[in-house]
Amino acid sequence: ENGWAQITPEEETTRKTVVVLGSGWAAHALMKVANCNKLRIIVVSPSNHFVFTPMLASAATGTVEYRSMTEAVRSANGMIEEYIEGKAIGVDVKERKVRVRLNDLLDEYREREGEPPELELEYDHLVVGVGCKVDDKGVPGASKSLRLKSCDDARRLRTAVGECFEYASRPDCSKDDEERTKRATFLVVGGGPTGVELAGELFDLAEDITRPHKGTYPRLKGNVRVILAHSGPDLVPQFEEPLRLEALKSLEKKGVQVILNTRVTEVGDGFARLSTKKIDEATGEETGRDESTLPVGLSVWCAGTAPVSFVSKLLDQLPDSARSPDGRINVDKWLRPPMEDESLLGSVIVLGDAAAAVDDDGVLPQTAQVAGQQGAYIARMLR
């Protein structure tokens, strides 16, 4: 059914056990390509589905439905040995064991005494594709901003966007144009791929719903604002310069207000505080900062990433050379981190956003394309 022959008794005794942590781009590509006649694949992830992340922004604005951008882990490859819905919380690289805490599936419906159950898995190879988390850099209030990294985030954002339009349409501000505009102002923090995609989708949605006689909120015409604040001088800095310029040109042509060289220093109830670099046009040097307060109806934090807790626990068992400056795991061209014991080299493989992989142009960016190619490469290499 999946293109593989039935596993023979000889293959069953010689198959290596590969524990895959994660169900994102890297892990999904590995599952698709892996030959399960040669490898015993066990997948561990708190999310039981893969998400086509470039469509998250479209799902958040209602252009795409969630079922169109997800695939269940269990159907990615019917020959994988097992899927475990849980989260890796510890590892012993010398003993080749990883500790997993299972999801508490009924946590919302009952009270549980103590922690959810845990189990220990032995492996020949541990593939770490745990991704990263959103980094709010300790900015006050940023943790209460919405996110866009999962289907649940997209659902919450979709509901919140609709509520903002309703809030701006209430009778109490029907004659107060300034208040109506404040309530319909969307602030996207971060000019990476996620922030750029979301800003564009939000503006397209605003244009559609405010069309006279055809849109659902025609009275908000001219009130909806989409603002993208980015701390650097260029949008999508992980891409080449022509793409960066095109991203800025495309958003500004739509009508998105892009504010570069600007950090969001606080997010509050109905406002955000901004700190913008003052640049000397002649020398290009920073001469100070302008502080301002922006009235907003909704903020979405898409600025920066940080390693998840498991990465730190793994780094504690690796030599110092394994730690990259941004807290990720340095790997060689086979995506292997360095080991204290050379005999263990290759027993752990790190890929995707958790890995700091280097090519001739420097550290590879944390994008879906990189992770997907790494996952397929590792599946072929292990085979």
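Because the structure is a prediction, the values reported are computed rather than measured.
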With the side chain counted from C-beta on, respond yes when [X] and [Y] share a heavy-atom pair under 4.5 Å apart, and no when they do not.
X: Arg328; Y: Val311; result: no
X: Val348; Y: Met339; result: yes
X: Arg225; Y: Thr181; result: yes
X: Thr63; Y: Asp204; result: no
X: Ile227; Y: Thr185; result: yes
X: Ser309; Y: Lys133; result: no
X: Trp25; Y: Val370; result: no
X: Val51; Y: Ser150; result: no

Whether the [X] and [Y] side chains hold a donor-acceptor pair (N or O, under 3.5 Å, no angle test) is what I'd like checked.
X: Arg273; Y: Thr265; result: no
X: Asn223; Y: Arg180; result: yes
X: Thr367; Y: Gln238; result: no

For [X] versus [Y], what's the shortest heavy-atom pair and its separation?
X: Val188; Y: Cys302; result: CG1-SG, 4.2 Å
X: Pro237; Y: His230; result: CD-NE2, 4.2 Å
X: Leu345; Y: Pro337; result: CD1-O, 3.4 Å
X: Ser45; Y: Gly22; result: CB-C, 3.8 Å
X: Ala76; Y: His28; result: CB-CD2, 4.1 Å
X: Ala376; Y: Ala29; result: N-CB, 3.8 Å

Practice task
Give the C-alpha distance, both sets of side-chain angles, the deciding distance and a yes or no for side chain to side chain contact (heavy atoms under 4.5 Å, CB included) between His125 and Ile378.
Solution key: CA-CA 11 Å; His125 299 283; Ile378 289 301; over 6 Å; no
Exercise for the section: Go through the steps for Arg156 and Glu163 under the test salt bridge (charged side-chain N to carboxylate O under 4.0 Å, His left out), then give the verdict. Expected result: CA-CA 11 Å; Arg156 282 190 286 267; Glu163 289 300 312; over 6 Å; no
Taking 4.0 angstrom as the limit, do [X] and [Y] come out as a salt bridge?
X: Lys313; Y: Asp316; answer: no
X: Asp332; Y: Arg336; answer: yes
X: Arg323; Y: Asp320; answer: no
X: Arg170; Y: Asp172; answer: no
X: Arg183; Y: Glu179; answer: yes
X: Arg244; Y: Asp234; answer: yes

Say you draw a straight line from [atom1] of [X] to [atom2] of [Y]; how long is it, rounded to the nearest 0.5 Å?
X: Trp301; Y: Thr194; atom1: CH2; atom2: OG1; result: 14.0 Å
X: Glu166; Y: Tyr217; atom1: CD; atom2: OH; result: 3.5 Å
X: Glu207; Y: Leu202; atom1: CD; atom2: CG; result: 12.0 Å
X: Thr61; Y: Arg158; atom1: OG1; atom2: CZ; result: 8.0 Å
X: Leu157; Y: Arg147; atom1: CG; atom2: CZ; result: 12.0 Å
X: Thr53; Y: Met69; atom1: OG1; atom2: CE; result: 9.0 Å

For the hydrophobic clusters of this structure (ILVMFWY residues joined by side-chain heavy atoms under 4.5 Å, transitively), does one cluster hold both [X] and [Y]?
X: Ile41; Y: Met79; value: no
X: Phe50; Y: Tyr66; value: yes
X: Val363; Y: Val128; value: no
X: Phe271; Y: Ile259; value: no
X: Leu148; Y: Phe186; value: yes

Exercise for the section: Pick out which of Glu85, Glu120, Glu118 makes a salt bridge (charged side-chain N to carboxylate O under 4.0 Å, His left out) with Arg101. Expected result: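 Of the listed options, the one satisfying the test is Glu118.
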Considering residues, nucleotides and ligands other than [X], do more than 12 of their heavy atoms fall under 6.0 Å from its [atom1]?
X: Arg211; atom1: CZ; result: yes
X: Glu240; atom1: CD; result: no
X: Lys221; atom1: NZ; result: yes

Practice task
Check step by step if side chain to side chain contact (heavy atoms under 4.5 Å, CB included) holds for Val226 and Leu198.
Solution key: CA-CA 10 Å; Val226 178; Leu198 179 59; over 6 Å; no
Practice task
Apply side chain to side chain contact (heavy atoms under 4.5 Å, CB included) to the pair Cys36 and Asn77, showing each step before the final yes or no.
Solution key: CA-CA 9 Å; Cys36 293; Asn77 183 344; 3.7 Å; yes
Checking [X] side chain against [Y] main chain: does a donor-acceptor pair fall under 3.5 Å?
X: Ser299; Y: Ser145; answer: no
X: Gln374; Y: Gly352; answer: yes
X: Gln317; Y: Val93; answer: yes
X: Asn261; Y: Thr276; answer: no

Problem - From CA spacing to verdict: side chain to side chain contact (heavy atoms under 4.5 Å, CB included), Val127, Leu351 - result: CA-CA 8 Å; Val127 178; Leu351 59 172; 3.1 Å; yes
Practice task
For Lys278, enumerate each residue passing the side-chain contact (heavy atoms from CB on, under 4.5 Å) test, keeping only those at least two apart in sequence or located in another chain.
Solution key: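 For Lys278 the side-chain contact (heavy atoms from CB on, under 4.5 Å) partners, ignoring immediate neighbours, are Thr287, Asp290.
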